Every structure is written in C-alpha cells, then in structure tokens.
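Every value quoted in this text rests on a predicted model; they were computed, and no experiment measured them.
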Amino acid sequence: MTLEQRINEDIKQAMLAKQPERLAALRAVKAAVLLEKTAGTAHELTDADVVRIMQKLVKQRKESAEVYAAAGRAELAANESAEAGYIEEYLPKQLSAEELEAALRDIIAQTGAASPADMGKVMGVASKRLAGRADGRTISETVKRLLGNR
C-alpha cells in the first residue's frame, strides 16, 4: 500500500471515528497531493514525493502556529500544531542532532571537503542522502558549523 493509499484509508477511518482535526489534516495532505498531480507532472507521485509534500505542510503549519501564538490566538495555534502532529505521524523518523552530525561527518569525509568553500559539494550529497530524515536548514547549519571548525 502506497503512502497516498494509506492516507485515503485513514481519511475514511477519521470520518467514521468522528475526528475532525485529524480529518482536516489528512484532507489537506490529499488536496496537496492532488494539486501536485495536476500541476503538469507527467509521472506518478512516489512515496518520496508525498513525504516531501507532507514535510512542506508540516513546516507551514508550525510557522502558522508560531504566528498565531505571537498574535495571542492560542486556539488557532493549538489547531495548527495538532494538524502538524497528525501529518508528522506519516513522516519518517527524524534524525537526532547527534545522528545528523555523525552522518554529516561521514559525508564530509567521503567528499573530501576541507573548508567552508566546499559546502556546496557536501550539501548536494547530504540533501539526497538525508532527504526526509532531516530539515534542509538544520543540515545547512550543521555543515557550516562542521566545516567552519576545520
């Protein structure tokens, strides 16, 4: 069963269980997937594509929750955070800071990077290898720190 099929099945389950927050989050994922499919891509979406879409949705919801919290709208912030949590259930386990640093040290050693000027070389490999398991900004910050120490 593909990730997209699993989401469709879970939408049905959320309807039967009368879980409106979960249902809203899953419908948002389904809508984003359908939008991506009709955006002119000639290929069928893979699970990796769906994971990328869901990561974007989670990021949007977390940013919205921060904005709502700063504006004193706690109920809206809680709703956005809850939706982000429901979507995150479908994402691969994120790497801890220690695991990320160990993986990046390995990539730096493989690419032979020696200075911050080699960051592009490291980021190209790291972005592909760690896709879905770490945020791009976190990867970038960690690579800068590791290459800056050399």
For this session: Answer yes or no: is there a side-chain heavy-atom contact under 4.5 Å between Leu104 and Ile139?
Result: yes
Exercise. Hey, is the main chain of Ala134 close enough, under 3.5 Å, to the side chain of Thr138 for a donor-acceptor pair?
Worked result: no
Exercise. Do you reckon Ile11 sits in the same ILVMFWY cluster as Val51, going by side-chain contacts under 4.5 Å, direct or chained?
Worked result: yes
Problem set entry | Check: Leu146 and Thr142 side chains under 4.5 Å, non-hydrogen atoms | yes
Problem set entry | Leu45 vs Thr2 side-chain heavy atoms within contact, under 4.5 Å | no
Problem set entry | Same cluster (ILVMFWY, side-chain, under 4.5 Å), Ile87 and Leu76 | no
For this session: Answer yes or no: is there an ion pair linking Glu99 with Arg133, defined by an N-O contact shorter than 4.0 Å?
Result: no
Seminar exercise, completed: Here the gap from Leu147 atom CG to Ile108 atom CD1, rounded to the nearest 0.5 Å, amounts to 4.5 Å
Exercise. Hey, does Glu36 have a side-chain heavy atom less than 4.5 Å from the side chain of Arg52?
Worked result: yes
For this session: With side chain to side chain contact (heavy atoms under 4.5 Å, CB included) as the test, would you mind laying out the steps for Met54 and Leu3 before giving the verdict?
Result: CA-CA 11 Å; Met54 287 192 301; Leu3 189 54; 3.4 Å; yes
Exercise. In terms of side-chain geometry, is the basic nitrogen of Arg105 or Glu101 positioned less than 4.0 Å from the acidic oxygen of its partner?
Worked result: yes
For this session: Please say whether more than 12 non-hydrogen atoms of neighbouring residues, nucleotides or ligands are located less than 6.0 Å from NZ in Lys56.
Result: no
Exercise. Between Thr111 and Ile107, does a side chain to side chain contact (heavy atoms under 4.5 Å, CB included) hold up when you go through it step by step?
Worked result: CA-CA 6 Å; Thr111 59; Ile107 291 169; 4.3 Å; yes
Exercise. Between Glu4 and Lys37, is there a side-chain N and carboxylate O pair less than 4.0 Å apart?
Worked result: yes
Exercise. Does the side chain of Met123 come within less than 4.5 Å of Ser140's, by heavy atoms?
Worked result: yes
Let me check something: any side-chain donor-acceptor pairs from residues 12-33 under 3.5 Å, sequence neighbours excluded? List them with distances.
from: Lys12; atom 1: NZ; to: Glu9; atom 2: OE2; distance (Å): 3.4
from: Arg22; atom 1: NH1; to: Glu89; atom 2: OE1; distance (Å): 2.9
from: Arg22; atom 1: NH2; to: Glu89; atom 2: OE1; distance (Å): 3.3
from: Arg22; atom 1: NH2; to: Tyr90; atom 2: OH; distance (Å): 3.2

For this session: May I ask whether Tyr86 and Ile53 are part of the same hydrophobic cluster, defined by side-chain heavy atoms of I, L, V, M, F, W, Y residues being less than 4.5 angstrom apart, directly or through others?
Result: no
Exercise. Is there any salt bridge (charged side-chain N to carboxylate O under 4.0 Å, His left out) pair reaching into residues 67-87, and which pairs are they, with sequence neighbours excluded?
Worked result: Arg61-Glu83, Arg73-Glu75
Exercise. Can you list the steps and then say if Gln60 with Gln55 is a side chain to side chain contact (heavy atoms under 4.5 Å, CB included)?
Worked result: CA-CA 9 Å; Gln60 288 172 343; Gln55 285 175 326; over 6 Å; no
Problem set entry | Shared hydrophobic cluster, Leu100 / Met119 (ILVMFWY, side-chain heavy atoms < 4.5 Å) | yes
For this session: Please name the pair of heavy atoms, one in Ala69 and one in Ala77, separated by the smallest distance, quoted to 0.1 Å.
Result: N-CB, 3.9 Å
For this session: Supply the atom-to-atom distance Ile7 CD1 to Gln5 CD, rounded to the nearest 0.5 angstrom.
Result: 10.5 Å
